[in-house]
Protein chains: 2
Amino acid sequence: MDGARDVAAGRPTLRQVAAEAGVSLKTASRVLNGHPHVTEATAARVRQAADRLGFRLNRIARELRSGATSTSVGLIISDLANPFYSRIARGAERVLRAGGLQLVTASTDEDAEQERSLVEELLERRVRALLLVPSAADHGYLAAERGRTPVVFLDRPPVNLDADTVLVDNRAGARAAVAHLLAGGHRRIGLVGDLSRLSTHRERMAGFADAMSDAGITFWQRYVRADSHDAATATRSTAELLAVDPPPTALFTTNNVNTAGALRALADRADPPALVGFDDFDLADVLGITVVGNEPEEMGRIAAEMVVARLAGDHTPARTVVLPTKLVPRGSGER
Amino acid sequence: MDGARDVAAGRPTLRQVAAEAGVSLKTASRVLNGHPHVTEATAARVRQAADRLGFRLNRIARELRSGATSTSVGLIISDLANPFYSRIARGAERVLRAGGLQLVTASTDEDAEQERSLVEELLERRVRALLLVPSAADHGYLAAERGRTPVVFLDRPPVNLDADTVLVDNRAGARAAVAHLLAGGHRRIGLVGDLSRLSTHRERMAGFADAMSDAGITFWQRYVRADSHDAATATRSTAELLAVDPPPTALFTTNNVNTAGALRALADRADPPALVGFDDFDLADVLGITVVGNEPEEMGRIAAEMVVARLAGDHTPARTVVLPTKLVPRGSGER
DNA sequence: TTGAAAGCGCTAACAC
DNA sequence: GTGTTAGCGCTTTCAA
């Protein structure tokens, strides 16, 4: 019973190549791995045999034996279809690929249970490292991985765990956005926010409060709508805000999806409120939407570089990188 | 020298768990895999030992031995950051995950060499199947995989290979788009197209020619600009077209990226030409852009379902699914 | 109910 | 330059 797996799939093993070429297993291995100390004649025989049989090395077996762990890195995000996250993935992919690593992606839909089972699954699959946009409320469950698998948190910090983290300066960004609206003379500013439990939302909310407080405005609660995690909900929340009496004269939407949703609610208004959105997005320039810009590719890149460094033996304490945001005025925030 | 890999990483092996629990390797394996014929008492001892040691099963080793091949499926696309492809990825991910499979993604940047080396790498890693948006001009190199690894082509058909394929009806979609503009009274219609070598571009080009020919218009070559594969190039191509004398009164942009690029060129025009774009995109509704809509998630879903069926033993001949498009009038195509 | 031995496909030692 | 042996971490006979 030879080669239960590969052979069953009609795939030749190294042993068969060796037999076909009339050499030992080890010699075939040497040739196919480009190791020295083989005559060109034998090498050629082996290569021919491999081609004839359509041989393809089994890296999994190789890695198991050679003690190298796999060359894949897991990326767990909430939704691959959201450009913010797919751009993170892209940024990470570039760096990882350059380091000979492969990206395994998985979406959680903001579900903590899903996050845990995905982490579990990827660790069992022995990914070399994990990039994680967390959804869980606690990451103590990852404590046992310390010193085993590098984990880098993205966009949101870990809870109950000391780990490398790449964040955006949410609070300062939100504060700048709202300050910008206040500077434009607005006083009744509405907020369309993400799920209250997300740290990004809470930080942006805090930045909003900071700016309002700086301006001496205290009664803004009625203009706040949180827990919009999809565009349709954001559209409804926005419509609700506009129906408040008196209505807000400006809006702050706390992420790309909510900005899109709000824009739909404003589309048919003759005199839309001013708008600043957190997160830049495609065509915001054409639409003339003022945003608090950030660079997801950059986040992915930095996180991946942290991973590569850790894998290369960097044992310094966990670092947190906080990326600055940049207010990009494009018209909607200046009306 | 025990456990070169996992042990080096400080990770306990099943053998260590067994030793800790005072049972044999096999018994520990049985317990941790939920196999029957173990007393609850021994089972409990094993589980405690596993918890104490922080044991995590090594699926790679398991799969190697048990003859099961890996549970990952490779997805090779041109650019993960392009929403069209990330939505494909998302659609595929859902189906695969439900089937217990994991998605490994990689971007080619439209480079044929990159495609080949990624395919090679993923096959060596023994992915169970491959989803491929091809960039190469020839796929004969995949012929040897017949009967070994299911391959499903997405968005573009294979060349020199018989394989499952999921396409969009590019020609009919383009024809409908251009017919729509013609019906609006336009005669000088410009086209901003993708790389000429891409089948999608050629098909959409053919649909354009069909419609023009139907309308008895033959001199349209001067209004065609191909080889725009990024938004900036599309913006330039569009500006060039508008500078032709007499300028086109309408534009057909052949994909989402080119549509975005064209919109930038039109942004500051007082009297912009009509526009229909191939591919729907986020906020096209808010911008009022008429498009030939398609559904990338659906493509990913169908392709993944084909993969799942093949893995379940479907040996019927290769199928090609061609998805219809739908013209969505939103204003820009009707002016 | 439990365990010993064999072996997945490959590479690292160490011989020859 | 080439081959033999052992063994990665696990599961699968098959026997006890």
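These numbers come from a predicted model, not from an experiment. So that the names make sense, note that chain A is the first sequence line, chain B the second, and so on, each numbered from 1.
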*Between dG9(D) atom C1' and L57(B) atom CG, what is the distance in whole Å?*
9 Å

*For the residue pair Q114(A) and S135(A), confirm or rule out a side-chain donor-acceptor distance under 3.5 Å.*
no

*If you check every side-chain atom of V23(B), which of dG3(D), dG3(C), dC10(C) has the closest atom?*
dG3(C)

*Between the base of dG9(D) and the side chain of R15(B), is there any donor-acceptor pair under 3.5 Å?*
no

*asked:* At less than 4.0 Å, is any side-chain N or O atom of T42(B) found next to OP1 or OP2 of dT1(C)? Yes or no.
replied: no

*Would you say the side chains of T71(A) and R125(B) form a donor-acceptor pair under 3.5 Å?*
yes

*For the pair made of CG in N33(A) and C1' in dA12(C), what is the distance, rounded to whole Å?*
12 Å

_Test item: side-chain donor near acceptor, E145(B) and H139(B), under 3.5 Å_ = no

*Expressed in angstrom and rounded to an integer, what is the separation of H37(B) atom NE2 from dG3(C) atom P?*
15 Å

*asked:* Side chain of V38(A), heavy atoms from C-beta onward: which of dT2(D), dT11(D), dG9(C) has the nearest atom to it?
replied: dT2(D)

*Distance check: side-chain N/O of T39(A) vs OP1/OP2 of dG1(D), anything under 4.0 Å?*
no

*Tell me: CG of L64(B) to C1' of dC8(D), nearest whole Å?*
9 Å

_For E40(A) and R59(B), find the nucleotide of DNA chain D closest to each by heavy atoms; which residue's nucleotide sits nearer the 5' end?_
E40(A)

*If you take atom types as modelled and just measure distance, does the side chain of R65(B) reach the base of dG7(C) with a donor-acceptor pair under 3.5 Å?*
yes

*Would you mind reading off the distance between K26(A) atom NZ and dA12(C) atom P, rounded to a whole angstrom?*
6 Å

*Just how far, in rounded Å, is P of dC8(D) from CD of Q16(B)?*
11 Å

*Could you state the CG-C1' distance from L14(B) to dC8(D), rounded to the nearest angstrom?*
13 Å

*Just checking, is any N or O donor in the side chain of R11(A) or N58(A) under 3.5 Å from an acceptor N or O on the other one?*
no

*Contact under 4.0 Å: S29(A) side-chain N or O vs dT11(C) OP1/OP2*: yes

*Between dT2(C), dA6(C), dT2(D), which one does the side chain of R30(B) approach most closely?*
dT2(C)

*Between T13(B) and dG9(D), is there a side-chain N or O to OP1/OP2 distance below 4.0 Å?*
no

_Whether the S78(B) and E110(B) side chains hold a donor-acceptor pair (N or O, under 3.5 Å, no angle test) is what I'd like checked._
yes

*Using atom CG of L25(A) as one end and atom P of dA6(D) as the other, report the distance to the nearest whole Å.*
15 Å

*Does the side chain of T27(A) get closer than 4.0 angstrom to OP1 or OP2 of dT2(D) through an N or O atom?*
no

